[in-house]
Amino acid sequence: MQRLLTLSLIFSLLNTLSFSQDLRKRLGRTYINPDSVDIILELEKENLLTANDSGIYYFFVAEKYNREFDNALAHETFLKSAYLLDPMESNDLISLCYIRLNRLEANSGNWDQALFYSLKGLENATVGLDSNYMGYALLDISVVYHDMEDYAKGVEYGKKAHELLTHFSQANPTFIAFALNAIAINFDDWDKPDSALFYHYKIFDNIDKLDSSRITFTFNNIGNTLLKQEKYKEAAEWIQIAVSLNKKDQDQYSLAANYTNLATIAYKQRDFSNAEIMMDSAYKYVEESQSTEKMRDYLEEQYRFNKAKGNLTRAMDYLEQYSTLKDSIFKEERVKMLGELEAKYQVQTKERELAESRAALVENELLVKNRNNQILLLVVFLLIILGVAFFIYYRQKTKNKHLEQEAKLQQIYAEQETQKQLHEQRNRISSDLHDNIGAQLTFIVSSLDNLKFFDLSKEKMAGKIDQISAFTVETVNELRDTIWAMNKDNISLGDLQSRLAGLISKAKVACPQIDFQLEIEDELENDLLLNSMEGVNYYRVVQEALNNAIKHSNADLIKVVFSRNGDHIRVCIEDNGKGIDQTGFGNGLGNMKNRAERIGRELKIDSALGEGTQVCIF
């Protein structure tokens, strides 16, 4: 009974985990559907079954406040989420809460609180054995020390983060880039530009694994270092790349840094008017980002800009504002608290290692006591898995067998269909050769035999021979057309157009008084395919209709027009001649109708006396 209860609890836990994961995915839609955030949050509010579900829900609520720059509500809600989340189920979300809290405090210049949340994030990631977020917490600490201008410690923690992540086989490439950036910006403000550029450029070693939108800071920071080396042109090029990328993402924090740097480049080159414009843009984004750090940098550059410009009164005003802001950040008690926090972190690390050792001993004792129960539970679980696996295997094997049989039947059917189509194709081509080429050759032989029985003058004999020669040439051309069709499995619309263009070209030479035109609608594609019999019969109908129009219509304009008719093509031969009755076509009409029926098409003839003629196959 106890074992059954244990199994029931396990399955219940698995179901709960599955639901929480689904909830997280559904709430994740708030990132890609910003206009529907409130609706999604309201709908999912009814689906919270556990405290962990509530923690997931409040995380996405806090993200909403964060995007709206409602820092107070975002701060409060991230703390609420971290409190409710279960470390066993959502350890990574807890780490993300502390990362966001670090950012909120850092933007407000509360470095002691920012460091506090980074240490909390490091502690949480260490308990969860999550190397990625351990590295992230360390690089956040590096950035805090950078902003506090303790660059030696900043480099130390940045290198700790980088070493941890590079030795982790499943490290997030973006986190590695963040760690390299943290090291580089500390070296940059430590007045070690060569080291800064080394680590900045190192980010591009893994560019194929990175999303460029996540590393836009690199372009600005390289430009910032080059600026300090007075390589202004090169620096501006890097920063302009950062501006274009950050504008796409509307990253006000980064844009504030970009325009502050561009303003510095401008006034360093004595371009004060451009520097003024850049300063105005920088101030706009400093205000929107609500970043104390960026306001500090802006005030410092305004002081230097006005000093360079010779406006000492404004320079002193900005220097006073800068000093006041800097003093509020670097209060003695805050610096002292930072030291205490780090010392506390070191002590907690040692205590945690001792606690982990004791816990390991206790856990080992419990493992020994409960080994038999665990083995039995494992055996039951394995038997269930084996049973399910066997059932799936047997079902799949039966399904595969049915699929193989079905595939064989389909292959046999396809082969039969192919043979049938080949047989029908041969019969049609044979019939075409017999009905046309055979009859024409018989006529030629008969005409040549009849010449023996007539006593004709040289002139009449030459005329008869010319007629037979012309008919022979026509027969040879028809044979070539048939061979052209037989040599192709399919005939493209482009091939058919080329063939008809040749026919019309010859007609123009023979009848220069007639204007021949070939028109193809734009919506028809040249690679539209016809089978060989369709192609040759379309061609024959056009050829017959052209010949009839030339011989009988007295027209001065003959057009061949291609258009679409559903899944097929429609070809019309139009003339502006005298018009005729359909009975006037004789055998030509019958031949064209037979050819249309042979390929399952219709032939339509519209003609009235004095109004021309239109012959269409479709």
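Owing to the predicted nature of the structure, the values given are computational and were not obtained by experimental measurement.
- Counting only heavy atoms from C-beta outward, the side chains of Asn47 and Arg26 approach each other to under 4.5 Å.
- When each of Phe59, Tyr65, Tyr117 is tested with Phe78 by the rule ring pair (Phe, Tyr, Trp, His ring centres under 6.0 Å), just one qualifies, namely Phe59.
- Side-chain atoms of Gln240 and Leu262, non-hydrogen and from C-beta on, do get closer than 4.5 Å to each other.
- Residue pairs meeting the ring-ring contact (aromatic ring centres under 6.0 Å, His included) criterion with at least one member in residues 273-293, sequence neighbours excluded: Tyr259-Tyr285, Tyr283-Tyr298.
- A donor-acceptor distance shorter than 3.5 angstrom exists from the side chain of Asn186 to the backbone of Ala182, with no hydrogens or angles considered.
- Between Glu301 and Arg304, at least one side-chain N (NZ, or NE/NH1/NH2) sits under 4.0 Å from a carboxylate O, which counts as a salt bridge.
- Between the side chain of Ser142 and the main chain of Leu138, no donor-acceptor pair closer than 3.5 Å is present.
- Looking at heavy atoms from C-beta onward, Leu377 lies out of side-chain contact with Ile375 at the 4.5 angstrom threshold.
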Criterion side chain to side chain contact (heavy atoms under 4.5 Å, CB included) on Leu319 and Tyr322, from CA distance to verdict: CA-CA 5 Å; Leu319 178 60; Tyr322 167 71; 4.2 Å; yes
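- Lys268 has no carboxylate O lying under 4.0 Å from a charged side-chain N of Glu230, or vice versa, which leaves the two without a salt bridge.
- One finds the CD1 atom of Ile241 at 6.0 Å from the CH2 atom of Trp238 (value rounded to the nearest 0.5 Å).
- With Val380 as the partner, the side-chain contact (heavy atoms from CB on, under 4.5 Å) test is satisfied by one option alone out of Ile384, Leu383, Leu382, Leu378: Ile384.
- A donor-acceptor contact closer than 3.5 angstrom links the side chains of Asn220 and Asn261.
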Test side chain to side chain donor-acceptor pair (under 3.5 Å) on Asn91 and Asp130 and set out the steps. CA-CA 8 Å; Asn91 188 271; Asp130 189 335; over 6 Å; no
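- Rounding to the nearest 0.5 angstrom, the gap separating the CD atom in Glu76 from the CG atom in Leu104 is 12.5 Å.
- Using a 30° and 60° split on the angle between ring planes, Phe204 and Tyr201 fall in the tilted class, from 30° to 60°.
- The backbone N or O of Gly158 sits nowhere less than 3.5 Å from a side-chain atom of His162 that would complete a donor-acceptor pair.
- Side-chain N/O atoms of Glu293 and Tyr253 include a donor and acceptor closer than 3.5 Å.
- Looking at residues two or more places apart in sequence or on another chain, you find a side-chain hydrogen bond (donor to acceptor under 3.5 Å, both in side chains) between Tyr136 and Arg103.
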Does the pair Leu403 and Lys399 meet the rule for a side chain to side chain contact (heavy atoms under 4.5 Å, CB included), with working shown? CA-CA 6 Å; Leu403 288 173; Lys399 184 179 179 181; 4.2 Å; yes
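- Separation of atoms NE2 (His200) and CD1 (Ile222) is listed at 6.5 Å; rounding is to 0.5 Å.
- Summarising the geometry, atom CZ belonging to Arg296 is positioned 12.5 Å from atom OG belonging to Ser323; distances are rounded to the nearest 0.5 Å.
- Side chain of Asn102 to backbone of Ala114: a donor-acceptor contact under 3.5 angstrom is found.
- In the displayed structure, Glu320 atom CD is contacted under 6.0 Å by at most 12 heavy atoms of other residues, nucleotides or ligands.
- Checked by atom type and distance alone, the side chain of Asp251 pairs as donor or acceptor with a backbone atom of Ser254 at under 3.5 Å.
- For the pairing with Leu210, the side-chain contact (heavy atoms from CB on, under 4.5 Å) check across Thr174, Asp205, Thr218 returns one residue only, Thr174.
- Arg24 and Asp92 are joined by a salt bridge, as a carboxylate oxygen and a charged side-chain nitrogen come within less than 4.0 angstrom of each other.
- Shown here is Arg67, whose CZ atom has more than 12 heavy atoms of other residues, nucleotides or ligands within 6.0 Å.
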Could you give the side-chain donor-acceptor pairs of residues 273-280 under 3.5 Å, partners two or more places apart or in another chain?
from, atom 1, to, atom 2, distance (Å)
Ser273, OG, Asp271, OD1, 3.3
Glu276, OE1, Lys309, NZ, 3.4

Asn224 and Thr264: CA distance, side-chain angles, deciding distance, side chain to side chain contact (heavy atoms under 4.5 Å, CB included) verdict: CA-CA 10 Å; Asn224 186 56; Thr264 304; over 6 Å; no
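- In summary, Lys64 and Asp70 do not engage in a salt bridge, as defined by a charged side-chain N under 4.0 Å from a carboxylate O.
- The closest side-chain heavy-atom distance from Thr313 to Asp317 is not below 4.5 Å.
- Using a 4.5 Å heavy-atom threshold, the side chains of Ile239 and Phe219 count as separate.
- In this structure, the side-chain contact (heavy atoms from CB on, under 4.5 Å) partners of Ala171, at least two apart in sequence or on a different chain, are Asn132, Leu165, Phe168, Ile176.
- A heavy-atom distance below 4.5 Å is found between the side chains of Ile183 and Lys159.
- Taking 4.5 Å as the limit, every side-chain heavy atom of Tyr145 sits out of range of all side-chain heavy atoms of Tyr151.
- No donor-acceptor pair under 3.5 Å is formed between the side chain of Ser90 and the backbone N or O of Leu93.
- For Thr77 (side chain) and Ala62 (main-chain N/O), no donor-acceptor pair under 3.5 Å exists by modelled atom type.
- Interatomic distance, CG of Leu41 versus CZ of Arg29, reported as 10.0 Å (0.5 Å rounding).
- Panel note: side chain Asp53, backbone Thr50; a donor-acceptor pair is recorded below 3.5 Å.
- When Tyr98, Phe175, Phe178 are each tested for a ring pair (Phe, Tyr, Trp, His ring centres under 6.0 Å) with Tyr133, only one passes: Phe175.
- Cation-pi geometry between Lys192 and Phe187 is not satisfied (NZ or CZ under 6.0 Å from the ring centre, within 45° of the ring normal).
- Side chain of Arg100 to main chain of Cys97: no donor-acceptor pair is present (N/O by atom type, distance under 3.5 Å, no hydrogens or angles).
- Every residue two or more places apart in sequence or in another chain that forms a side-chain contact (heavy atoms from CB on, under 4.5 Å) with Ala308 is listed here: Tyr267, Arg270, Phe272.
- With respect to Lys160 and Glu156, a salt bridge is recorded, a charged nitrogen being found less than 4.0 Å from a carboxylate O.
- Separation of the Phe60 and Tyr31 ring centroids falls under the 6.0 Å cut-off.
- Among residues at least two apart or in separate chains, salt bridge (Lys or Arg N to Asp or Glu O under 4.0 Å) pairs with a member in residues 166-188 are Asp188-Lys228.
- In this structure, CG on Leu139 lies 13.5 Å from NE2 on His146, to the nearest 0.5 angstrom.
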Side chain to side chain contact (heavy atoms under 4.5 Å, CB included) for Asn52 and Leu84? Distances and angles first, verdict last. CA-CA 6 Å; Asn52 186 63; Leu84 291 169; over 6 Å; no
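- The number of heavy atoms from other shown groups lying within 6.0 Å of CG (Asp208) is above 12.
- Ring geometry, Tyr394 versus Phe390: the interplanar angle falls under 30°, so the pair is classed parallel (tilted spans 30 to 60°).
- Formation of a donor-acceptor pair under 3.5 Å by the Asn107 side chain with backbone atoms of Ser289 is not found in this model.
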